[in-house]
Structure formats: structure tokens, C-alpha cells
There are 2 protein chains.
Amino acid sequence: MVNLDNIRIVLAGPLCGGNVGAVCRAMGNMGLSDLALVAPRRLNMDEARWMACHAAEILDNRAEFGALPEAVADCAAVLGTTARPGLYRRHARTPREWAPRILEGTVNGRVALVFGREDNGLSNDELAVCNHVIRIPSTEEYPSLNVAQAVLVCAYEVYTASARYSPPREKSPDASSALKERMIAMWRQMLLDIGFMKPEKADHMMLGLRRIFGRGAQTTDDVRILMGVARQAEWVAAAVNGAAGRPAGAADCETTEG
Amino acid sequence: MVNLDNIRIVLAGPLCGGNVGAVCRAMGNMGLSDLALVAPRRLNMDEARWMACHAAEILDNRAEFGALPEAVADCAAVLGTTARPGLYRRHARTPREWAPRILEGTVNGRVALVFGREDNGLSNDELAVCNHVIRIPSTEEYPSLNVAQAVLVCAYEVYTASARYSPPREKSPDASSALKERMIAMWRQMLLDIGFMKPEKADHMMLGLRRIFGRGAQTTDDVRILMGVARQAEWVAAAVNGAAGRPAGAADCETTEG
């Protein structure tokens with residue numbers, strides 16, 4: 001089974017504590033937890049902790065190594081990131097292309113995603129340790145992403161591909177055609193009664209309104225709101241026209257939103 | 001035609017100069033340039049410039065507004081980002097789902113992508129100004145991304161959907177079957193000559209090597225490297241076995257990589 005715990009984020013020679021912290025937060029956002037630093041330079045750990053925000057645990061649990069081969073020694077697949085063209089780097093694929101293979105690799109082993117230092121990226125020696133090369137799509141003018149941004153894109157693609165995210169669901173069911181037709185009929189009558197359109201223009205005008213409502217009102221809640229509007233306007237029109245009595249059914253416009 | 005210049009990144013009430021700078025860099029990475037700040041608080045502009053890196057021009061060209069409606073007044077579509085559930089927020093879709101519609105929106109008008117303040121996100125009033133809501137996939141435990149990270153994911157999805165990125169192409173053409181078979185034949189002979197395998201085991205052993213080479217050697221360059229290895233080993237074996245003469249064709253192993 002796919003196991004996000006088997007994905008290790010490896011930062012080679014990070015310079016800046018803030019970036020390391022931002023990496024931790026990005027990992028937490030995307031369900032990763034295994035962070036390894038290779039020969040970190042003097043990191044400002046206050047900055048790191050501040051940028052890690054709620055993901056300080058990932059920062060605290062980081063491992064540190066002297067060189068890249070040690071940091072990935074127990075990994076079966078090692079993917080390096082690069083924004084530079086050149087020897088070996090031409091075999092690069094995008095994070096979206098790699099994501100399914102990275103997930104597949106977590107079933108039976110560990111997968112390392114390796115990111116270079118802020119100023120210089122990964123050296124050729126370090127890239128040689130990587131089985132595969134990741135190239136994040138970016139413009140030719142500014143190809144090089146901040147290291148925490150690069151981690152985020154890769155982690156986001158892996159997390160998205162893992163299909164662990166389920167979007168918040170619409171609670172109100174889609175409106176049925178019958179309900180929509182009832183609403184349209186109410187609006188037609190109301191628009192005639194308030195003098196918005198003449199009877200001979202009503203069919204044509206209602207086509208326009210059907211188009212607007214068709215795009216905008218998708219759920220039962222949406223349609224009930226519009227029915228409430230029609231009912232209320234109808235009541236006002238009736239009062240003006242000398243009739244009386246607030247319609248009893250006004251509560252119909254209450255929705256499941258509340 | 002799709003026009004990335006028609007996409008505006010709007011930051012509502014940003015607190016931290018470093019984040020604003022990181023937003024600029026992310027925009028530069030993904031081909032965007034129009035940045036608007038709404039009621040920025042006292043930003044550390046040195047930090048902003050440092051994090052913007054090569055994208056300082058985007059920072060310099062930013063616009064500032066007092067309130068969100070002014071910042072998006074000339075935009076036909078306004079998409080707000082949120083990590084919180086709640087009223088209106090349930091209609092959220094992912095950046096990948098929105099990307100094609102965002103691009104479509106740039107053909108005839110401006111599209112604003114709105115991001116909330118670091119500490120509090122977008123208010124309900126601000127979300128009400130947005131036609132649509134973006135929700136970036138993230139874990140339930142740490143749903144809230146850093147603002148520059150959120151900008152990057154949205155910009156990355158739009159840029160990727162715009163298909164402006166063309167990956168670095170493999171210069172060496174894929175190896176033909178004929179070339180691969182020639183290489184396999186050379187290896188078979190060489191492995192016999194150096195005493196790696198007995199003739200009666202050769203067929204079986206070559207199946208294993210075909211599997212390995214089949215996965216690894218895809219291009220003409222790859223195959224020529226392996227042919228060079230076979231040729232050289234053959235030469236050494238011949239010297240040991242009493243024959244002589246370095247084969248003239250050793251230059252064959254030169255590749256187009258160099």
C-alpha cells in the first residue's frame with residue numbers, strides 16, 4: 001500500500017533556517033514527515049521554528065548527515081531536482097510525471113526527494129547519486145524556485161496523486177429539473193406582476209433569465225433562495241396592487257446553508 | 001488568446017515582507033507579473049527584496065489599494081483562496097480544477113486570484129467579493145499553507161495548464177531495435193570471451209541482461225556506451241588470450257552527450 005511515511009525530503013547543504021522551516025510546513029501540509037539535512041550550514045533555528053509554524057515536530061525530528069550518500073543509503077529510489085540543463089539533467093521529467101512512480105516506490109521501500117542548496121542547487125556529484133531527475137515546470141526567464149517552494153510543488157503533486165484529499169462536499173443536493181421549473185414559473189409570474197416585462201415579451205425575457213439561473217443556481221438551496229425572492233416580490237406587488245396578506249410559505253426560502 | 005499578463009495576484013493585508021518577496025519570485029517562476037497589495041501592514045522591504053531574488057521588478061511594479069473591491073475593480077473574475085470550511089467556502093474547487101477556467105478568463109478580461117493575510121486568511125466580506133473559491137488540497141492536520149506557498153501552487157497550476165513549458169528534450173534519438181540487437185550480440189560474445197558465462201548458459205544469462213538493458217538503455221547514446229564497453233572488454237580478453245591489436249572502432253562509443 002502507498003505509504004507517505006516512506007518519502008524522505010533531503011535538503012543538501014541548506015543555508016537559511018527560514019527555508020528549512022518553510023519546508024517543514026510544506027511537508028506538514030502535504031502529509032510528509034521524514035526530513036533529512038545534509039551538511040547544513042549555520043542555520044538560524046529561531047527563524048526555522050517560526051516558519052515551520054504548526055509543523056515544528058517535523059523540524060525537531062529531522063535527521064542530519066555529513067554527505068548525500070549517507071542520507072539516502074536506505075532508499076531504493078532517489079530523485080534529484082534541478083533547474084539547470086546539462087549532462088544527465090536532460091533526462092528530467094516533471095513532478096506530475098514522477099508522482100505515480102514515487103507513490104509506487106513507497107509500497108516496498110523508501111523514496112528520497114533531494115533538493116539542492118539555495119545558492120547552487122545540486123552538484124553533478126550529487127545528481128549522480130540520484131536515479132532520476134525532477135524538473136519543475138517554470139519560465140525560462142526565472143527558472144529557479146526557492147527551495148521550500150520546490151519542495152512544496154513536489155510534495156503537492158505526490159499528495160494530490162495519492163488521492164488522499166477529498167474536497168468539502170456540497171451539502172445541498174443538486175436541484176431537480178422540476179424544482180427549477182417551479183422556480184422559473186414563480187419568477188415569470190412575479191416579473192409580470194411587478195411590471196418588469198410585458199406579457200408579449202415574457203417568453204423572450206425568460207430565455208435570458210433561464211440562461212442566468214442555469215449558470216448560477218445549481219443546488220436545491222440556490223433554487224430555494226430564488227423562489228424566496230420571487231415570493232417576496234410577489235407579496236410586495238400584491239400589497240401595492242391593493243391585495244393583502246403575507247404569504248404563509250415564505251419559510252420555504254430557508255436553506256440548508258444556515 | 002490566453003494571456004498570463006491578465007492574471008493579477010492580490011494579497012489582502014500582508015504582514016511579512018519576506019512572504020511578499022517570495023510571492024514575487026513564485027510569480028516570476030510561473031510567468032505572472034501583476035501584483036496588487038491590499039492595505040499592506042508595515043512590510044520589511046529589505047526582506048521582501050531579498051526573497052524576491054531575481055523577481056524584484058514584480059515587487060517594484062506592485063500596485064497598492066485600500067480595500068479589496070478597489071484592487072479587483074477591473075477584473076471580470078475574482079477567485080479567493082481559503083483553507084477553512086464554512087458558509088460559501090463549501091463551493092470551493094482545487095486549483096487544478098479552476099486552472100482551465102482561469103486561463104479562459106484571460107482571453108477577454110482580467111482574472112484576480114486573492115490570498116488572505118498570514119494570520120487570518122480572507123474574511124467573509126472579502127470572500128463575498130470573490131466569484132469563486134479555491135481550496136488547495138492539503139492534509140486535515142495542517143490544512144493552512146504559507147501565503148507564498150499558496151500563490152505558488154495556484155500559479156504553478158495555471159502555468160502548467162497553459163502548456164507554455166516544454167521539457168528539455170532528449171537530444172540522442174531513441175535506439176533502434178537493430179542497434180540494440182547489435183549491442184546484445186557484442187555483449188554475448190564478450191561475456192563468453194572473458195569467461196563470464198559458459199556457452200550452455202549463455203541464452204539464459206542473456207535474457208537477464210536483455211531485461212536490464214531494456215530498462216536502462218533507451219537512446220542511441222546509451223547503446224553506444226554499452227557497445228564501447230563490450231568492445232573494450234573484448235580487446236582486453238583478446239590480449240590475455242594471446243591475440244593483439246586494439247580494435248579500430250573504439251571511437252564508436254563516443255556519444256552525442258559530450
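Proteins come first, then strands; the chains are lettered A, B, ... in the order of their sequence lines, and each starts at number 1.
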Student: Of the backbone (N, CA, C, O) and the side chain (C-beta and beyond), which part of B/Pro137 lies under 4.5 Å from a heavy atom of chain A, both, or neither?
Tutor: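 Both the backbone and the side chain of B/Pro137 come within 4.5 Å of chain A.
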Student: Can you give me the closest heavy-atom contact between B/Met30 and A/Thr139, atom names plus distance?
Tutor: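 Shortest heavy-atom contact: C-CG2, 3.8 Å.
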Student: Is chain A contacted by the side chain of B/Glu141, its backbone, both, or neither, given a heavy-atom distance below 4.5 Å?
Tutor: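 Neither the backbone nor the side chain of B/Glu141 comes within 4.5 Å of chain A.
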Student: Check whether more than 12 heavy atoms from other residues, nucleotides or ligands sit under 6.0 Å from atom CG of A/Asp119, and answer yes or no.
Tutor: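 Yes - once you tally the heavy atoms of other residues, nucleotides and ligands closer than 6.0 Å, there are more than 12.
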Student: What's the separation between atom OH in A/Tyr142 and atom CG in B/Leu32, rounded to the nearest 0.5 Å?
Tutor: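 Nearest 0.5 Å value for the OH-CG distance: 12.0 Å.
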Student: Apply side-chain contact (heavy atoms from CB on, under 4.5 Å) to the pair B/Arg96 and A/Thr160, showing each step before the final yes or no.
Tutor: CA-CA 10 Å; B/Arg96 191 164 303 172; A/Thr160 302; 3.8 Å; yes
Student: Give, for atom CZ of B/Arg25 and atom CG of A/Asn146, the distance between the pair rounded to the nearest 0.5 Å.
Tutor: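 Those atoms lie 5.0 Å apart.
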Student: Between CG of B/Leu152 and CG of A/Leu145, what distance do you get to the nearest 0.5 Å?
Tutor: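 B/Leu152 CG to A/Leu145 CG: 5.5 Å, rounded to 0.5 Å.
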Student: At a 4.5 Å cut-off on heavy atoms, which part of A/Ala148 comes close to chain B: side chain, backbone, both, or neither?
Tutor: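 When you check distances to chain B, atoms from both the backbone and side chain of A/Ala148 fall under 4.5 Å.
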Student: Taking the side chain as C-beta and beyond, is there a heavy-atom pair between B/His54 and A/Ser144 under 4.5 Å?
Tutor: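 Sidechains of A/Ser144 and B/His54: no contact.
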Student: Report which part of B/Asn19 has an atom under 4.5 Å of a heavy atom belonging to chain A: side chain, backbone, both, or neither.
Tutor: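 For B/Asn19, the side chain is the part near chain A, not the backbone.
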Student: Within the supplied structure, the quantity of interest is the number of heavy atoms (other residues, nucleotides, ligands) at a distance under 6.0 Å from B/Arg62 CZ; does it exceed 12?
Tutor: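 Enclosed: over 12 neighbouring heavy atoms sit under 6.0 Å from CZ of B/Arg62.
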Student: Determine the minimum heavy-atom distance between A/Ala22 and B/Gln149, stating which atoms define it.
Tutor: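 That would be O-NE2, 3.6 Å.
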Student: When you measure from the side chain of A/Tyr159 to the backbone of B/Ser138, do you find a donor-acceptor pair of N or O atoms at a distance under 3.5 Å?
Tutor: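 Yes; judged by distance alone, with no hydrogens or angles, the pair exists.
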Student: Distance check, rounded to the nearest 0.5 Å: A/Cys16 atom SG versus B/Met51 atom CE?
Tutor: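 A/Cys16 atom SG to B/Met51 atom CE measures 6.5 Å (nearest 0.5 Å).
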